[in-house]
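Working notes, structure below.
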Amino acid sequence: MAKLKIAGTWSGVLEVELETWTVPMLREEVAKRSNMLPETINLICAGKVLKDDHGGGCDSKLSQLGVKNNSKVLATRISVDEGKSLMAEEERSRRVARIKAAATALVNRHADGSLPVEDFNLELEDQNGEKVRFGSETDRRAMMMGLMLHANAKSLIKRHMYKDALEVLTMGEEAFSLCDPKVLEFVDNGPLLQIDMVWCYFMLRDISWLSEAGIRLRKAREGIERAHGKDSSRVRLLQAGRHPELALHLRMELLEGVAAYHSGQFDKARNALTSAQAKFFQLQVPDESLSLVMSMGFKEQDAKRALRICSQDVGSAIDFLVEEKAKRVKEREDNEQRRKEIMEQKRYGLTPLKKAVDIEKIKELVSIGFEKELVAEALRRNENDSQKALDDLTNPESNSAIQLYIESRKRKRCRQAADAKIEQLVAMGFERPRVIEACRAGGDDIHQIMLQLLGEPGSNPTAAANNNASTSISMPNNGEPSSSINNENVEGDPDSNFEETSATEDVNGRDVEMEDELANDLTGDVFADYDIEVTKEGEAISEYLSLLESVAGIAIEKARN
């Protein structure tokens, strides 16, 4: 036991186990002796505030925080509101740490060809829906990480959680900084993130960030011009003359005007705000146009977005919505096809270096005339090296070994399927020997076997099973192989050194809830970054133009006096 000298709300010596006690345990003990609530106690040791959690998902032990035998701990009293605020801050810090950890885990699983545990894969696409290829794995990982964090931050902004969003945006900025600068020059994701950061400053009304806001906005304007072209010429070409970026420029000019105002640059502020106001008026959707587009069967939100992007032209807006609908249908089909491919990849298992079997390379070799299962196993053994796989397939000895391995794996799957069927029927109350006999008789459909068992004399499905031991039997392969591959090696397997993985990999240690949240934030909508509801922007423009009028009035009054 170690001794801690406590001073403040309660004075005395506490005996604690430094290796097992946590900060909440110490706080609760001090609060009990002080006749106070735990949330009103603040603990300070060696000049540092002892917090309940220092990351990692669980409370750190006192020894891990540097607390030693005979350490002095100051216990101070804080108000209940301050205590709640402190707890809220700690909760926010924990959430941000979870976001970063989950994003890192997702990128690691989806960026390097490893087989994801989910039935989806994260892929980078440009505005035309084409897959983006990067020169290096580092660039790919950094871009994926940055995009994922930015998407989550935008979701937080929509929920008015600006402080949380700002921390996540900072992590996203750090991720983008790991990319080759030449890669970032051709995309607008970095500049968009800068604008979102300044928007958070503005919504938090944090004037202390003003100087940094000006720097970020200059970076954003330069980056957007590089990516979009002078006067958005490149965007205009890609989007067939449409103006998806208008709301984005409105927000940027508003923020430039606000930054200039607080810097005392009133003429610059007025110019920026006047330009933003002109764009605001351009983006106002006439009721008649909205009604016409909605009469074609489109939802109000979609119709408004289309009219804004198409400069209020009803015909162009309808064409845009039809195109978007067709794209979504195609995207759903592509996603379903990709999901099926991932499930197929899981059926083939992992390479020795834990990578998924490359579906495209399977297709290439199958087109030559080889069977798909043989090709998949050859690629799996050879780390997706097409030439080495082809050498194995054309070599009679190695080809025969692969076939024997595949047949043994099929038999194992059949045994597993049969065992599962037996256990399911035994759990219903049928006697195990009769179930095994019915399965051996050639029954394939579990419902047919159950009807057969019910029709036999002595059937009693409500009786408890008399033996829970697992029984393994060999059955003919009457169907397709199971989509699940067990980790156990097949007895006599010619390639038992190749590890296989179940389709439902171990998820211990994964933050599934946060990973799902991050994945759901990735909508795949190429216009999401430009789809801004400009009501708040309009209010802010009016507010700051009024402030400028007041400043001008004061200046005139001073001049007269």
Exercise. Can you list the steps and then say if Glu437 with Arg434 is a salt bridge (charged side-chain N to carboxylate O under 4.0 Å, His left out)?
Worked result: CA-CA 5 Å; Glu437 186 180 348; Arg434 294 179 54 246; over 6 Å; no
Exercise. After noting the C-alpha distance and the side-chain angles of Gln403 and Glu377, does the key distance pass the side chain to side chain donor-acceptor pair (under 3.5 Å) rule?
Worked result: CA-CA 9 Å; Gln403 289 189 55; Glu377 179 56 24; over 6 Å; no
For this session: Please lay out, stage by stage, how Leu379 and Tyr348 fare under the test side-chain contact (heavy atoms from CB on, under 4.5 Å).
Result: CA-CA 10 Å; Leu379 284 168; Tyr348 297 137; over 6 Å; no
Problem set entry | Ile195/Ile224 under side-chain contact (heavy atoms from CB on, under 4.5 Å): CA gap, chis, key distance, verdict | CA-CA 10 Å; Ile195 293 172; Ile224 284 175; 3.7 Å; yes
Problem set entry | side-chain contact (heavy atoms from CB on, under 4.5 Å) evaluation trace for Val322 with Phe298 | CA-CA 10 Å; Val322 171; Phe298 298 105; 4.3 Å; yes
Problem set entry | side-chain contact (heavy atoms from CB on, under 4.5 Å) assessment of Arg98 paired with Glu513 | CA-CA 10 Å; Arg98 285 179 63 201; Glu513 180 185 11; 3.6 Å; yes
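Here the CG-CZ distance, from Leu193 to Phe176, works out to 6.0 Å after rounding to the nearest 0.5 Å. Summarising the geometry, atom CE belonging to Met294 is positioned 5.0 Å from atom CD belonging to Glu300; distances are rounded to the nearest 0.5 Å. In this structure, CD1 on Ile362 lies 10.0 Å from OG on Ser386, to the nearest 0.5 angstrom. Rounding to the nearest 0.5 Å places NZ of Lys325 at 10.5 Å from CG of Asp302. Between the CG atom of Leu149 and the CD atom of Glu174 there is a distance of 9.5 Å, given to the nearest 0.5 Å. Remark: Arg94 CZ to Ile99 CD1 distance equals 13.5 Å, nearest 0.5 Å.
The backbone N or O of Glu364 sits less than 3.5 Å from a side-chain atom of Ser367, completing a donor-acceptor pair. Side chain of Arg380 to main chain of Thr351: no donor-acceptor pair is present (N/O by atom type, distance under 3.5 Å, no hydrogens or angles). Side-chain atoms of Ser398 come within 3.5 Å of backbone N or O of Asn395 as a donor-acceptor pair. In this structure a side-chain-to-backbone donor-acceptor pair under 3.5 Å is present from Asn399 to Leu393. Put simply, the side chain of Glu515 never gets that close to the backbone of Leu106: no donor and acceptor are under 3.5 Å apart. Looking at Asn384, its side chain does come within 3.5 Å of a backbone N or O of Asp358 through a donor-acceptor pair. Distance alone, capped at 3.5 Å, places no donor-acceptor pair between the Asp511 side chain and the Ala102 backbone.
The nearest pair of heavy atoms linking Glu537 to Leu250 is CB-CD2, 3.4 Å. Residues Ala175 and Gly146 share a closest heavy-atom pair of CB-N, 3.7 Å. The nearest pair of heavy atoms linking Gln194 to Ala220 is CB-CB, 4.0 Å. Closest approach of Leu307 to Ala317, counting heavy atoms only: CD2-CB, 3.8 Å. The two residues Met145 and Lys100 come nearest to each other via the heavy atoms CE-O, 3.9 Å. Ala378 and Ile402 make their closest contact through CB-CD1, 4.0 Å (heavy atoms, listed as atom of the first residue, atom of the second, distance).
Between Leu425 and Met428, the closest side-chain pair of non-hydrogen atoms falls below 4.5 Å. Contact of the Met171 side chain with the Val168 side chain is registered, since non-hydrogen atoms from C-beta on lie closer than 4.5 Å. Taking 4.5 Å as the limit, some side-chain heavy atom of Thr170 sits within range of a side-chain heavy atom of Met197. At a threshold of 4.5 Å between non-hydrogen side-chain atoms, the residues Met514 and Arg95 count as touching. Contact annotation: the side chain of Asp196 approaches that of Arg251 to within less than 4.5 Å [non-hydrogen atoms, C-beta and beyond]. Put simply, the side chain of Leu248 does not reach to within 4.5 Å of the side chain of Asp188, judged on heavy atoms. Between Leu321 and Met296 the shortest side-chain heavy-atom distance does not fall below 4.5 Å. Counting heavy atoms from C-beta outward, Ile436 and Arg432 have side chains that approach closer than 4.5 Å.
Within 6.0 Å of the NZ atom in Lys361, the count of heavy atoms belonging to other residues, nucleotides or ligands exceeds 12. Shown here is Glu336, whose CD atom has more than 12 heavy atoms of other residues, nucleotides or ligands within 6.0 Å. Atom CD of Glu371 is surrounded by 12 or fewer heavy atoms from other residues, nucleotides or ligands within 6.0 Å. More than 12 heavy atoms of other residues, nucleotides or ligands lie within 6.0 Å of NZ in Lys154, so this atom counts as buried by the packing criterion.
A salt bridge does not link Lys219 to Glu173: none of the charged nitrogens lies less than 4.0 Å from a carboxylate oxygen. The existence of a salt bridge linking Arg308 and Glu533 is confirmed by a sub-4.0 Å separation between a basic side-chain nitrogen and an acidic carboxylate oxygen. Remark: Lys372 engages Glu344 in a salt bridge, criterion side-chain N to carboxylate O under 4.0 Å. Ion pairing between Lys330 and Asp334 holds under the 4.0 Å rule for side-chain N and carboxylate O. The pair Glu331-Arg328 does not count as a salt bridge, with every side-chain nitrogen at least 4.0 angstrom from each carboxylate oxygen.
Residues satisfying the ring pair (Phe, Tyr, Trp, His ring centres under 6.0 Å) test with Tyr201, not counting sequence neighbours, are Trp209. For Gln337, the side-chain contact (heavy atoms from CB on, under 4.5 Å) test picks out Glu341, with sequence neighbours left out.
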